[in-house]
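Data block below; observations after.
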Amino acid sequence: MNILITGGAGFIGSNFIGYFLGHNPHFKVINLDKLTYAGSFNNLVEIENHPNYTFIKGDICNRSLVENLFNTYNFKGVIHFAAESHVDNSIENPNEFINTNVVGTFNLIDVAKNHWMESPHKIKEEHLNSRFHHISTDEVYGTLGKTGLFTEKTAYAPNSPYSASKASSDFIVRSYFHTYGMNLVTSNCSNNYGPKQHDEKLIPTIIRKAIKGENIPIYGDGKNIRDWLYVKDHCLGIDLVFKEGIKGETYNIGGNNEKNNLQIANTICSILDKVRPQKKPYKEQIIFVKDRPGHDFRYAIDASKIENDLGWVASESFESGIVKTIHWYIKKYTG
């Protein structure tokens with residue numbers, strides 16, 4: 001059975017493909033990735049020669065390419081990771097985010113609809129079980145105060161060009177369920193961390209700057225809070241939603257690990273003090289820099305729906321996951 005995974009050379013996508021191939025030998029994965037700065041062949045080394053894996057370089061905004069792939073491989077599933085995802089970059093260059101996240105998602109789901117369906121609410125016989133899984137983010141919900149959690153029923157209130165583009169893509173996908181009756185599911189995740197994340201993200205930046213003896217930059221006062229989810233736990237959740245999620249439903253996947261940015265930096269520094277000691281504590285390298293425009297204060301996800309309905313359980317605590325993550329990046333940055 002052939003499935004299309006978009007953006008599979010990126011952080012979450014590459015971790016997911018490795019997980020998925022290891023747990024689903026009857027699936028063949030075709031990975032479509034544009035290989036922008038956030039995607040890398042280095043993320044795929046361990047599976048590049050897997051017999052059930054094919055890589056295709058291409059852009060989901062190229063509709064004729066997407067149509068040709070559906071005609072060639074007759075996909076029975078799509079798991080859609082491909083997205084521009086860094087908030088700072090969306091502030092500087094929002095155009096790329098609208099093109100990839102909105103137009104690209106529309107191309108993908110519209111081609112899938114045309115390939116799988118005879119007409120609205122009439123699915124072709126061979127595609128009765130074909131499914132589109134859209135991967136989204138908790139940032140579409142906006143920001144929280146000191147209390148409360150995002151649920152699947154929280155109203156959308158995106159505050160950055162990135163989160164607005166992802167919210168738009170969520171609504172496009174939702175409309176294809178309600179208008180056409182497509183077999184689709186959506187999952188919204190909290191902040192992921194773990195191996196293969198791009199260097200620009202918070203945790204890799206802290207580790208890299210620390211071991212290079214450079215200043216560790218923290219936005220504002222460091223009090224902005226995120227819910228942290230180990231990427232391998234996210235992969236398990238995606239697999240469950242793709243296979244067992246109810247058609248048309250949304251599932252929030254969160255780590256139940258709320259930490260502010262300064263806590264993250266201090267935790268990493270204290271671990272590095274033990275595993276890679278230097279003359280002075282690493283936390284002395286922390287500095288505070290001008291805050292990001294429109295910086296959301298707090299994100300936190302209520303994951304009880306996926307836990308209760310699909311039996312998902314996170315296997316890593318933040319304490320165990322961050323140690324694994326630090327060791328992976330030490331190896332990357334020091335050889």
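Bear in mind that the values here come from a model prediction, so they are computed numbers and not experimental data. Residues: numbered from 1 along the sequence shown.
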TODO: Flag the pair Tyr156 / Phe171 as yes when their ring centroid distance falls below 6.0 Å, and as no otherwise.
DONE: yes

TODO: Give me the ring orientation class for Trp228 and Phe318: parallel if the planes are under 30° apart, tilted from 30 to 60°, perpendicular past 60°.
DONE: tilted

- [ ] Measure the shortest side-chain to side-chain distance between Trp116 and Lys124 over non-hydrogen atoms and say whether it is less than 4.5 angstrom.
- [x] no

TODO: Spell out, yes or no, whether Phe132 and Ile5 are grouped together once hydrophobic residues are joined by side-chain heavy atoms under 4.5 Å, including indirect joins.
DONE: no

Task: Heavy-atom side-chain proximity of Ile3 to Val78 below 4.5 angstrom - done: no

Open item on the list: Tell me whether Leu310 shares a hydrophobic cluster with Ile253, the cluster being built from Ile, Leu, Val, Met, Phe, Trp, Tyr side chains joined at under 4.5 Å.
Closed with: yes

Task: Flag, side chain of Glu249 to backbone of Ile246, donor-acceptor distance under 3.5 Å - done: no

Task: Check: Ile238 and Ile12 side chains under 4.5 Å, non-hydrogen atoms - done: yes

Open item on the list: To check you understand the geometry: which heavy-atom pair defines the closest contact between Ile218 and Ala265, and what is its length?
Closed with: CD1-CB, 3.9 Å

Open item on the list: Quick check: closest heavy atoms across Glu316 and Asp233, and the distance to 0.1 Å?
Closed with: N-OD2, 3.0 Å

Open item on the list: If we ignore hydrogens and angles and just use 3.5 Å, is the side chain of Asn52 paired with the main-chain N or O of Pro25 as donor and acceptor?
Closed with: yes

Task: Asp302 versus Asn252, closest heavy-atom pair with distance - done: O-CB, 3.9 Å

Task: Working for side-chain contact (heavy atoms from CB on, under 4.5 Å), residues Val185 and His134 - done: CA-CA 6 Å; Val185 286; His134 176 59; over 6 Å; no

Open item on the list: Checking Asp110 against Arg63 for the salt bridge (Lys or Arg N to Asp or Glu O under 4.0 Å) test, could you report, in this order, the C-alpha distance in whole Å, the side-chain angles of both residues, the deciding distance, and whether it holds?
Closed with: CA-CA 9 Å; Asp110 195 57; Arg63 188 179 179 104; 2.6 Å; yes

- [ ] Please check if the side chain of Lys212 supplies one atom and the backbone of Ile207 the other of a donor-acceptor pair under 3.5 Å.
- [x] no

- [ ] Check the surroundings of atom CG in Asn308: do more than 12 heavy atoms from other residues, nucleotides or ligands lie under 6.0 Å from it?
- [x] yes

Task: His198 and Phe11 aromatic centres sub-6.0 Å - done: no

Open item on the list: side chain to side chain donor-acceptor pair (under 3.5 Å), that's the test. Do Ser169 and Asn101 meet it? Break it down for me.
Closed with: CA-CA 6 Å; Ser169 69; Asn101 300 355; over 6 Å; no

Task: Side-chain heavy-atom pair His115, Glu67 within 4.5 angstrom cut-off - done: no

Open item on the list: Going by side-chain hydrogen bond (donor to acceptor under 3.5 Å, both in side chains), name the pairs with one or both residues in residues 12-28, residues two or more places apart or in two chains.
Closed with: Asn24-Lys243

- [ ] Might you work through the side chain to side chain donor-acceptor pair (under 3.5 Å) test for Glu126 and Asn74, ending with a clear yes or no?
- [x] CA-CA 10 Å; Glu126 68 170 313; Asn74 192 27; 3.0 Å; yes

Task: Closest heavy-atom pair and its distance - Val102, Ser168 - done: CG2-CB, 3.7 Å

TODO: Spell out, as yes or no, whether a donor-acceptor pair under 3.5 Å connects the side chain of Thr143 to the backbone of Phe297.
DONE: yes

Open item on the list: Regarding Gln285 and Gln278, do their side chains bring together a donor and an acceptor under 3.5 Å, going by distance alone?
Closed with: yes

- [ ] Apply side chain to side chain donor-acceptor pair (under 3.5 Å) to the pair Asn159 and Tyr141, showing each step before the final yes or no.
- [x] CA-CA 9 Å; Asn159 291 320; Tyr141 299 121; over 6 Å; no

Task: Residue pair Leu4, Ile79: steps toward the side-chain contact (heavy atoms from CB on, under 4.5 Å) verdict - done: CA-CA 6 Å; Leu4 174 64; Ile79 303 178; over 6 Å; no

Open item on the list: The test is side-chain contact (heavy atoms from CB on, under 4.5 Å); show your working for Thr54 and Val29 and say whether it passes.
Closed with: CA-CA 6 Å; Thr54 300; Val29 169; over 6 Å; no

- [ ] Please examine the side chains of Glu258 and Leu149, heavy atoms only from C-beta on, and report whether any two atoms are closer than 4.5 Å.
- [x] yes

Open item on the list: Counting C-beta onward and ignoring hydrogens, is there a side-chain heavy-atom pair between Ile268 and Ile322 closer than 4.5 Å?
Closed with: yes

Open item on the list: Closer than 3.5 angstrom, by distance alone: can the side chain of Asn183 be matched with the main-chain N or O of Ser130 as a donor-acceptor pair?
Closed with: yes

- [ ] Return yes if a side-chain donor-acceptor contact under 3.5 Å exists between Asp138 and Ser190, otherwise no.
- [x] no

Task: Shared hydrophobic cluster, Val111 / Ile56 (ILVMFWY, side-chain heavy atoms < 4.5 Å) - done: yes

TODO: Check whether any side-chain heavy atom of Met117 lies under 4.5 Å from a side-chain heavy atom of Tyr180, and answer yes or no.
DONE: yes

Task: Pair Glu46-Lys196, salt bridge (Lys or Arg N to Asp or Glu O under 4.0 Å): steps then yes or no - done: CA-CA 12 Å; Glu46 68 268 30; Lys196 304 181 182 179; 2.4 Å; yes

Open item on the list: According to a hydrophobic-cluster definition based on side-chain heavy atoms being under 4.5 Å apart (Ile, Leu, Val, Met, Phe, Trp, Tyr only), do Leu202 and Tyr329 belong together?
Closed with: yes

Open item on the list: Using ring centroids (six-membered ring only for Trp), state whether His133 and His80 fall under 6.0 Å.
Closed with: no

TODO: Return the orientation label for the Phe16 and Phe81 ring planes: parallel under 30°, perpendicular over 60°, tilted otherwise.
DONE: tilted

Open item on the list: Less than 4.5 Å apart, side chain to side chain, heavy atoms only: is that true for Asn224 and Tyr299?
Closed with: no

Task: Expected output: side-chain Arg292 to main-chain Tyr219 donor-acceptor under 3.5 Å - done: no

- [ ] Of all the heavy-atom pairs spanning Thr36 and Asp33, show the shortest one and how long it is.
- [x] N-OD1, 4.4 Å

Task: Pair Glu118-Lys113, salt bridge (Lys or Arg N to Asp or Glu O under 4.0 Å): steps then yes or no - done: CA-CA 9 Å; Glu118 298 279 4; Lys113 184 263 291 182; over 6 Å; no

- [ ] Using the test side-chain hydrogen bond (donor to acceptor under 3.5 Å, both in side chains), find all partners of Asn261 that sit at least two apart in sequence or belong to another chain.
- [x] none

Task: Main-chain N/O of Arg226 paired to Asn191 side chain as donor or acceptor, under 3.5 Å - done: no

- [ ] Would you please classify the geometry between the Phe70 ring and the Phe75 ring as parallel, tilted or perpendicular, with 30° and 60° separating the classes?
- [x] perpendicular

Task: Heavy-atom closest contact (Val313 atom, Leu236 atom, distance) - done: O-CD2, 4.1 Å

Task: Check: Arg298 side chain, Thr147 main-chain N or O, donor-acceptor pair, under 3.5 Å - done: yes

Task: Residues Asp199, Tyr333; criterion side chain to side chain donor-acceptor pair (under 3.5 Å); working and verdict - done: CA-CA 10 Å; Asp199 289 345; Tyr333 294 137; 2.6 Å; yes

TODO: Using a strict 4.0 Å threshold on nitrogen-to-oxygen distance, state whether Arg208 and Glu214 make a salt bridge.
DONE: no

Task: No-hydrogen, no-angle side-chain donor-acceptor test under 3.5 Å, Ser317 and Ser320 - done: yes

Open item on the list: Quick check for you: to the nearest 0.5 Å, what is the distance between Ile135 atom CD1 and Lys166 atom NZ?
Closed with: 8.0 Å

Open item on the list: When you group the ILVMFWY residues by side-chain heavy-atom contacts below 4.5 Å and let the links chain together, are Tyr251 and Phe150 in the same group?
Closed with: no

Open item on the list: Between Asn260 (side chain only) and Gln263 (backbone N and O only), is there a donor and an acceptor less than 3.5 Å apart?
Closed with: yes

Task: Ile17/Asn43 under side-chain contact (heavy atoms from CB on, under 4.5 Å): CA gap, chis, key distance, verdict - done: CA-CA 10 Å; Ile17 290 175; Asn43 291 339; over 6 Å; no

Task: Side-chain (Thr179) to main-chain (Tyr176) donor-acceptor, under 3.5 angstrom - done: no

